[in-house]
Number of protein chains: 2
Amino acid sequence: MNKQISKRTLSRLPVYLSLLQEKEREGVEYISATTIANLLDLNHVQVRKDLSCASSAGRPKVGYETKVLISDLQNFLDYNNTKNAVIIGAGDLGKALLGYGGFTSYGLNIVAAFDTNPEICGTLIKNKPIYNAEKIEELVKEQNIDIGIITTPAQFAQATCDRLVKGGVKAIWNFAPTSLTVPKHIIVQNENMATSLAVLSNKLNESLKE
Amino acid sequence: MNKQISKRTLSRLPVYLSLLQEKEREGVEYISATTIANLLDLNHVQVRKDLSCASSAGRPKVGYETKVLISDLQNFLDYNNTKNAVIIGAGDLGKALLGYGGFTSYGLNIVAAFDTNPEICGTLIKNKPIYNAEKIEELVKEQNIDIGIITTPAQFAQATCDRLVKGGVKAIWNFAPTSLTVPKHIIVQNENMATSLAVLSNKLNESLKE
DNA sequence: TATTAATTGAAACTTTTTTATCGATAATTT
DNA sequence: AAATTATCGATAAAAAAGTTTCAATTAATA
């Protein structure tokens, strides 16, 4: 239960979690790996294997207790241990992320956003303060921010990233469609629309051929 | 060059493409797999293998001609063959996608958006018409829309999806944090923030431990 | 109480993906 | 002109991920 977890498995855990939460709301008290697998179109052994990383609450003939499994997953994913983040770029995408309530339950606390547009600096958007991008370094240091979320246009992404790194963030979540250069100890996760679109298009083309 | 391509490889191709386009703008005429690999933190053999699916323009000692490789990738990814799409849900995320100019160069043409808010129906946002969600089915049929992009709140996603399917879309790109049930022939690609956040958080935790 | 059925979890096996090795090629240097 | 070097592309090896099989467990049923 405590070895290095594979990235693939890790990616599936939040999917299980969200399904389980849905099921719990519907009043489902116990659920089996087979049921989960069917709902998500996965192999049932894979589901069991994945879940075993985070929980050992399964009982033969019964399955997993929904409530316990949810809590085990939340624990494993460290959703209780909140991390502070800021968003750089209060355009539509930045706003969408600012306004997305769900992050709190994923252990992500978005503290503020930054932008270069003087008209919005100093205002509140979605109840979060917008600061001048000049202050990134200062505020990131001061408020102990772990994660910087980049939603600027591509051409400003690297400069933004450099400021965040100077401020001391440990990880960057990059929504700008460009790749970033960072010191080795900084974690970067790229969110690449083009990538998923490519996968989608390709499946679509394959299916049109048939 | 024409076998079934792996999803992993396919996901990396757009990343290569965007790097190459950047390099081309900087005036780089030739680039080697090793250089690409270093820039993207990948293995050089993997890069060469990936690229070989889409192109065979590599020359020993020289590398790939940037221009040719770009065009081969665009061809392979079918970016020249435009597909029509609509967005359902003109909230911040919907607007962000409406306004993202980049999609055109990925072969995706966003025709319109739909929403339930009567105040914005009939208006233009980012120069695209917003229609009443009642009309999804009708317009999707009429305009020959291939792809439906769902950016509604989670609780409306399934109903939205059903309408799109009735209208005849072939693929769904789902940004709502819920899993959808669709007929077998419909392609669904889920864009799951929680998933990438989980990967990021986990890396962050690992790095904090050390 | 014995039998059956559903389920877990571990182990063995298969497939896919990634990485390493190597010969061939072409530009550059000696 | 020969030697050297950077690179590609193919093949082989290794690692990772996914699937199948099976024994053990426990609730339900006969």
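Order of the sequence lines sets the chain letters (A, B, ...), proteins ahead of strands, with each chain counted from 1.
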Below 4.0 angstrom from OP1 or OP2 of [N], is there any side-chain N or O of [X]?
X        : N       : answer
Tyr30(A) : dT8(C)  : no
Arg48(B) : dT21(C) : no
Arg59(B) : dA27(C) : yes

- prompt: Hey, mind stepping through Gln158(B) and Asp162(B) against side chain to side chain donor-acceptor pair (under 3.5 Å) and telling me if it holds?
  reply: CA-CA 6 Å; Gln158(B) 183 64 58; Asp162(B) 295 343; 2.9 Å; yes
Check this for me, if you would: do Arg12(B) and Asp50(B) make a salt bridge, where the nitrogen-to-carboxylate-oxygen distance has to be below 4.0 angstrom? yes
If I take atom [atom1] in residue [X] and atom [atom2] in nucleotide [N], what distance separates them, rounded to the nearest angstrom?
X        : N       : atom1 : atom2 : value
Tyr64(A) : dT25(D) : OH    : P     : 16 Å
Gln46(A) : dA16(D) : CD    : P     : 17 Å
Leu51(A) : dA10(C) : CG    : C1'   : 16 Å
Asn38(B) : dA6(D)  : CG    : C1'   : 13 Å
Leu42(B) : dT17(C) : CG    : P     : 15 Å
Lys7(B)  : dT18(C) : NZ    : P     : 13 Å
Leu13(A) : dA17(D) : CG    : C1'   : 15 Å
Asp50(B) : dG9(D)  : CG    : C1'   : 14 Å

Which class fits the ring pair Phe103(A) and Trp173(A): parallel under 30°, tilted 30 to 60°, perpendicular over 60°? perpendicular
Does Ile172(B) reach the side chain of Ile147(B), with side-chain heavy atoms less than 4.5 Å apart?
no
Is there a side chain to side chain contact (heavy atoms under 4.5 Å, CB included) between Val86(B) and Gln143(B) once you walk through the steps?
CA-CA 10 Å; Val86(B) 292; Gln143(B) 303 216 18; over 6 Å; no
5'-most contact on DNA chain C (nearest-nucleotide basis), Val45(A) vs His44(B), goes to Val45(A)
Closest of dG18(D), dT8(C), dA27(D) to the Thr34(A) side chain is dT8(C)
Of dT5(D), dG18(D), dT20(D), the nucleotide closest to the side chain of Asn43(A) is dT20(D)
Sorted by position of nearest nucleotide on DNA chain D, 5' first, the leading residue of Arg8(B) and Pro60(B) is Pro60(B)
The residue, Ser6(A) or Lys61(A), whose nearest nucleotide of DNA chain D is more 5′ is Ser6(A)
When all nucleic acid strands are considered with a 4.0 Å heavy-atom cut-off, which category describes Thr9(A): base, sugar-phosphate, or nothing? nothing
- request: Indicate, yes or no, whether a donor-acceptor pair under 3.5 Å links the base of dT19(C) to the side chain of Lys49(B).
  value: yes
